Amino acid sequence: MASPPNHPLRAEGGGTLRWSQAAWALLVGFLTVAALSIARDIFVPLALAILLSFALGPLVQVLRRYHCGRIPSIFAAVLLAFLVIFGVGAVIGSQLADLAGNLPAYRSNVIDKIHALQQSVTSNGLFARGAAILSDLGKEVAATPPPAGKPPNGPPAAQHAAQPQKPMPVEIHQPEPTPYQIVESIVGPLLQPLATTGIVVVFVIFFLAQREDLRDRFIRLAGARDIQRTTHALDDAGERLSGYLLAQSGINACFGVLVGIGLWIIGVPNPLLWGTLALLLR
């Protein structure tokens, strides 16, 4: 005989099922986060490559319309994209070097601003009283009470011997680095960015070269019942995403150009650096 819906056994079984589902969900979430953390060196370049492949898809199609082959169009688009990226990086690096070289010229201006800030803080009674209160509290915390009991008895020599001795200063001298260590210190920090760049380039070329094949494989997995409608939906989604990325890049470029021109007009140093940073950070 079946138990009614509000039977205790059925309620207990439903609670156990819910707990098991929650436990499985937590386990799957933990394993997913662990896998993403372990394989982040692959997933991050993969995500960048997917975005770049969608952004470069229209450029590849335009080059193919002008009777360029598929592979030459892909290599030309990828080369142009990374030349632009490296060019922006070179501009930022040169502008930062120029800014670092001009920092001594700004020293007096920065010192004047600091002195003005100090005067404004000390001249205001509220800030002065607050600083005095904090100073008194610090002195009270740092002060240690005298030890309880009588002072130690004995001859002065014994008392002098009982006093702690001052620590002896020690200097540590590092040995001269070997040529291998010098090369490793220079080349070591560059290996990770170069490896990431290489992985991104390989993924972008693969995605652009196998774009239709990847689409067909996804259709066979997800939308085999209605191939025509699924193909149209994927093509439309890809075109919309590519158009969105290109439009966003154009808007960011116009924003950076306007910021750089405005800063150049009002006389701010290194307007190209700040315009480029505005472009990237937007």
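Start at 1 with the first residue, then count along the sequence. Just so it is clear, the structure is predicted and the values come from calculations on it, not from any experiment.
- Taking hydrophobic clusters as Ile, Leu, Val, Met, Phe, Trp and Tyr residues chained together by side-chain heavy-atom distances below 4.5 Å, Ile71 shares a cluster with Val201.
- The distance from atom CD1 of Ile251 to atom CG of Leu246, rounded to the nearest 0.5 Å, is 11.0 Å.
- Considering every non-hydrogen atom in both Ala77 and Val60, the closest pair reads CB-CG2, 3.7 Å.
- In the hydrophobic cluster analysis, where Ile, Leu, Val, Met, Phe, Trp and Tyr join through side-chain heavy atoms closer than 4.5 angstrom, Leu56 is grouped apart from Val62.
- Judged purely by atom type and a 3.5 angstrom limit, Ser94 uses its side chain to pair as donor or acceptor with the backbone of Val91.
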Checking Leu26 against Phe30 for the side chain to side chain contact (heavy atoms under 4.5 Å, CB included) test, could you report, in this order, the C-alpha distance in whole Å, the side-chain angles of both residues, the deciding distance, and whether it holds? CA-CA 6 Å; Leu26 289 176; Phe30 175 77; over 6 Å; no
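- Minimum interatomic distance between Ser73 and Arg64 (heavy atoms only, all atoms of both residues): OG-CG, 3.6 Å.
- By the criterion of side-chain heavy atoms lying less than 4.5 angstrom apart, applied directly or through intervening Ile, Leu, Val, Met, Phe, Trp or Tyr residues, Leu277 is grouped together with Ile266 in one hydrophobic cluster.
- Between Ser53 and Leu208, the closest heavy-atom pair is O-CD2, 3.4 Å.
- Checked by atom type and distance alone, the side chain of Ser242 never pairs as donor or acceptor with a backbone atom of Ala55 at under 3.5 Å.
- Distance CZ/Phe207 to CD1/Ile74: 12.5 Å, rounded to 0.5 Å.
- Atom CZ of residue Phe82 and atom CG of residue Leu52 lie 5.5 Å apart, to the nearest 0.5 angstrom.
- Taking CG from Leu241 and CZ from Phe54, the interatomic distance works out to 5.0 Å, rounded to the nearest 0.5 Å.
- The nearest pair of heavy atoms linking Gly275 to Val259 is CA-CG1, 4.4 Å.
- Rounded to the nearest 0.5 angstrom, Ile205 CD1 and Phe75 CZ are separated by 4.5 Å.
- Legend: side chain to side chain donor-acceptor pair (under 3.5 Å) pairs involving residues 271-282, not counting sequence neighbours, sorted by first then second residue: Asn252-Arg282.
- Rounded to the nearest 0.5 angstrom, Cys68 SG and Leu63 CG are separated by 5.5 Å.
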Would you check, one step at a time, whether the test side chain to side chain contact (heavy atoms under 4.5 Å, CB included) holds for Ile92 with Leu280? CA-CA 11 Å; Ile92 293 177; Leu280 296 176; 3.5 Å; yes
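- Residues Phe43 and Phe206 fall within the same hydrophobic cluster, defined by Ile, Leu, Val, Met, Phe, Trp and Tyr side chains chained together at heavy-atom separations under 4.5 Å.
- There is a path of hydrophobic side-chain contacts, each under 4.5 Å, that joins Val268 to Phe255.
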